[in-house]
Amino acid sequence: MPALPAAKQPWRIWTDRRGRLSALRVVTLVVLLIPVAKALYDAGAIAHGARPLNDLIHRTGFWALVFLGLTLAVTPFRRILRYGNLIDVRRMIGVAAFFYIAAHLALFYADQSYSVVKLFTELTKRVYLIVGGVAWLGLFVLALTSTDAMVRRLGGMRWRRLHQIVYAVALLGLIHYFQQTKADVTVPTFAAALFGWLAGYRLLAWRLGAGELSTRWLLALTIAISVLTFIGEAVGIGLAFHVSPMRVLDAAFDFDAGVRPGWQVLAAGLAVVALDFAARRWRNGGRRARPAAA
Ligand code: HEM
C-alpha cells in the first residue's frame with residue numbers, strides 16, 4: 001500500500017497541516033507530556049505514599065484543568081502577540097486535557113476496585129462527583145467533535161456554538177475542585193481567578209465588538225478580577241469559617257501568611273498587560289502604541 005503523505009497522517013501530531021515538522025507542535029507536545037514525566041520521576045514517592053491511586057487521581061485532575069485553561073488562553077495570546085499559528089496547537093492541548101481527564105476517571109474506577117456498581121454508586125451519591133461527572137461528559141463531547149470531519153459536518157457556526165460549552169465545563173471543573181479541597185483553597189481560588197480573567201477577556205471583546213482588547217482594557221480587566229478575587233475569597237472563607245470577611249480582607253496584606261490569590265492574579269494579569277504593551281510598541285517600531293480599533 002503506498003504511504004500516505006505526511007499531511008494525511010493525523011497521528012503525526014508533530015507535523016503541521018502541510019506535513020512539515022513544526023517547532024511549535026514539538027514544544028507543545030513536550031509541555032503536554034510534562035505531567036507524565038513528573039509522575040515517572042516521582043514514581044517511587046507515589047508508590048510508597050499512603051494512597052498511590054488517589055495521588056494519581058489528583059495529578060490527572062489538576063493537569064486536565066491546567067490544559068483546559070491553556071486552551072482558553074490561546075485566543076488572548078494569539079491576539080496579543082499576533083501569533084496566528086497558536087491556533088494550530090489549541091486542538092492538541094484540548095485533546096490532551098481530555099486524555100488526562102479520561103485517565104482521571106479510569107484511575108477513579110481502579111480506586112473503586114474496578115467495580116462498575118461501586119463506580120456508579122459513588123458517581124450518583126456524592127455531589128462533587130456528580131459535578132465532575134457532568135464536566136467530564138462535556139469534555140467528552142468537545143473531544144468527540146474536535147476532528148476536521150466533525151467541524152465540516154456541524155458547520156463552522158454550529159461547531160463554534162457547541163464549543164462554547166468549554167466555559168461551562170471549566171466552571172463545573174472548578175466547582176468540583178473546590179468541593180473536593182479539604183482545607184486550603186488558595187490554589188483553587190487562584191485557578192478560578194485565572195479562568196475568570198480568561199472568560200472576562202472573551203466577554204469584554206464580545207461586548208465591545210473588538211477583535212482584541214486595548215492595553216487599558218486589559219489593565220481594567222486585571223484590576224476588576226483581582227478585586228473580585230479578594231472579595232470572593234473573603235466572603236467564601238467568612239461563610240465557611242464563620243468569621244468576618246473584613247478580617248479576611250485585612251489578612252490579605254499580611255504577606256508572612258502567604259501571597260493571597262488576589263495578588264497572584266494581579267501579578268499574572270499585569271504580566272499580560274506588560275506583554276501587550278511591549279508587543280504594541282515593538283510592532284510600532286518603538287513609537288507610542290495606538291489603542292486597538294473597536
Ligand atoms: C466522572 C468524572 C470525575 C470523577 C469520578 C472525579 C473524581 C475525583 C476524585 C476522586 C478526586 C480526589 C478527591 C479526594 O481525594 O478527596 C478528584 C480531584 C480533582 N478532580 Fe476530578 N473527577 C471527575 C471529573 C473531573 C473533571 C471533569 C475535572 C476538570 C475539568 C476534574 C478535576 C479535578 C481536580 C482539579 C481535582 C483536584 C486535584 C488536586 O488536588 O490538585 N475532575 N476528582
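One-based numbering, in listed order, for ligands and for the atoms of each. Given the structure is predicted, the values throughout are model-derived calculations rather than measurements. Just the heavy atoms: all of them, side chains too, but no hydrogens, waters or symmetry mates, feed the values below.
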Novice: Under 4.0 Å from any heavy atom of G133, which atoms of ligand 1 are there?
Specialist: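 Near G133, meaning under 4.0 Å from one of its heavy atoms, ligand 1 has 1 (C), 2 (C).
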Novice: Quick one: which of Y177, F108, W136 has a heavy atom closest to atom 27 (C) of ligand 1?
Specialist: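 It is W136 that holds the nearest heavy atom.
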Novice: Okay, side chain of Y100, backbone of L32: is any donor-acceptor separation there less than 3.5 Å?
Specialist: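 Checked: pair present.
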Novice: Check whether R25 reaches the backbone of D16 with its side chain - one donor and one acceptor, N or O, closer than 3.5 Å.
Specialist: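 The answer is no, because no donor-acceptor pair under 3.5 Å joins these two groups.
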Novice: Distance under 4.0 Å to a non-hydrogen atom of L105: what atoms of ligand 1 satisfy this?
Specialist: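 So the atoms of ligand 1 that pass are 1 (C), 5 (C).
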Novice: If you have a sec, work out which protein heavy atom is nearest atom 34 (C) of ligand 1 and how many Å separate them, to one decimal?
Specialist: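 The protein heavy atom lying closest is G61 C, 3.7 Å.
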Novice: Give the atoms of ligand 1, by number and element, whose distance to some non-hydrogen atom of A135 is under 4.0 Å.
Specialist: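 Heavy-atom distances to A135 below 4.0 Å select 27 (C).
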Novice: Could you state whether V66 and V166 fall into the same hydrophobic cluster, counting links through intermediate Ile, Leu, Val, Met, Phe, Trp or Tyr residues with side-chain heavy atoms under 4.5 angstrom apart?
Specialist: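 Result: yes, single cluster for both.
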Novice: Among all protein non-hydrogen atoms, which one is nearest to atom 9 (C) of ligand 1, and what is the separation to 0.1 Å?
Specialist: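 For atom 9 (C) of ligand 1, the nearest protein heavy atom comes out as I57 CG2, 3.5 Å.
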Novice: Tell me which protein heavy atom sits closest to atom 31 (C) of ligand 1, plus the residue, atom name and distance to 0.1 Å.
Specialist: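 For atom 31 (C) of ligand 1, the nearest protein heavy atom comes out as H176 CD2, 3.3 Å.
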Novice: Under a 4.0 Å heavy-atom limit, does N54 contact ligand 1 with its side chain, its backbone, both, or neither?
Specialist: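 The answer is the side chain.
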Novice: Would you please test E122 and R126 for salt bridge (Lys or Arg N to Asp or Glu O under 4.0 Å) and show each step?
Specialist: CA-CA 6 Å; E122 286 293 306; R126 299 186 197 283; 2.6 Å; yes
Novice: Measure the NE2-CG distance between H58 and L53 for me, rounded to the nearest 0.5 Å.
Specialist: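 Between H58 NE2 and L53 CG, I get 11.5 Å after rounding to 0.5 Å.
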Novice: Is it true that W136 and F98 have ring centroids separated by less than 6.0 Å?
Specialist: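 W136 vs F98: aromatic centres under 6.0 Å.
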Novice: Using a 4.5 Å cut-off on heavy atoms from C-beta on, say whether the side chain of L194 contacts that of F190.
Specialist: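 Yes, their side chains come closer than 4.5 Å.
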Novice: Got the closest protein heavy atom to atom 41 (O) of ligand 1, with its distance?
Specialist: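 Heavy-atom neighbour on the protein nearest atom 41 (O) of ligand 1: F62 CB, 3.6 Å.
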Novice: Knowing that exactly one of T215, L213, L81 qualifies, which makes a side chain to side chain contact (heavy atoms under 4.5 Å, CB included) with D276?
Specialist: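 Passing option: T215.
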Novice: Quick one: which of L24, T75, I93 gives a side chain to side chain contact (heavy atoms under 4.5 Å, CB included) with L86?
Specialist: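 When L24, T75, I93 are each tested with L86, the side chain to side chain contact (heavy atoms under 4.5 Å, CB included) holds only for L24.
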Novice: Quick test: of every protein heavy atom, which one is nearest to atom 15 (O) of ligand 1, and how far off is it to 0.1 Å?
Specialist: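 The closest heavy atom on the protein side is H58 NE2, 2.7 Å.
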Novice: Among L172, L65, L53, which one puts a heavy atom closest to atom 30 (C) of ligand 1?
Specialist: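 Going through L172, L65, L53 one by one, L65 has the nearest heavy atom to atom 30 (C) of ligand 1.
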Novice: Using side-chain heavy atoms (C-beta onward) and a distance below 4.5 Å, is W263 in contact with S226?
Specialist: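 The answer is no, as the side chains (C-beta and beyond) never meet within the 4.5 Å cut-off.
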Novice: For atom 4 (C) of ligand 1, what is the nearest protein heavy atom, given as residue, atom name and distance?
Specialist: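 The answer is L129 CD2, 3.9 Å.
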Novice: Under 4.0 Å from any heavy atom of L123, which atoms of ligand 1 are there?
Specialist: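 Answer for ligand 1: 1 (C), 5 (C).
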Novice: Which residue and non-hydrogen atom of the protein lie closest to atom 37 (C) of ligand 1, and at what distance in Å?
Specialist: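 Ranked first by proximity to atom 37 (C) of ligand 1 is Q180 NE2, 3.3 Å.
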Novice: Heavy-atom distance to atom 25 (C) of ligand 1: which of K182, Q112, R126, H104 wins?
Specialist: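 Residue with the shortest heavy-atom distance to the ligand atom: H104.
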Novice: Strictly under 6.0 Å, is that where the ring centroids of F77 and Y83 end up?
Specialist: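 Centroid distance F77-Y83: not below 6.0 Å, so no.
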Novice: How close does the nearest protein non-hydrogen atom get to atom 24 (C) of ligand 1, and which residue and atom is it?
Specialist: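 Heavy-atom neighbour on the protein nearest atom 24 (C) of ligand 1: G132 O, 3.4 Å.
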Novice: Can you name the atoms of ligand 1, numbered from 1 with element, that are less than 4.0 Å from a heavy atom of I101?
Specialist: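 Those qualifying, in numeric order: 25 (C), 26 (C), 27 (C), 28 (C), 29 (C), 31 (C), 42 (N).
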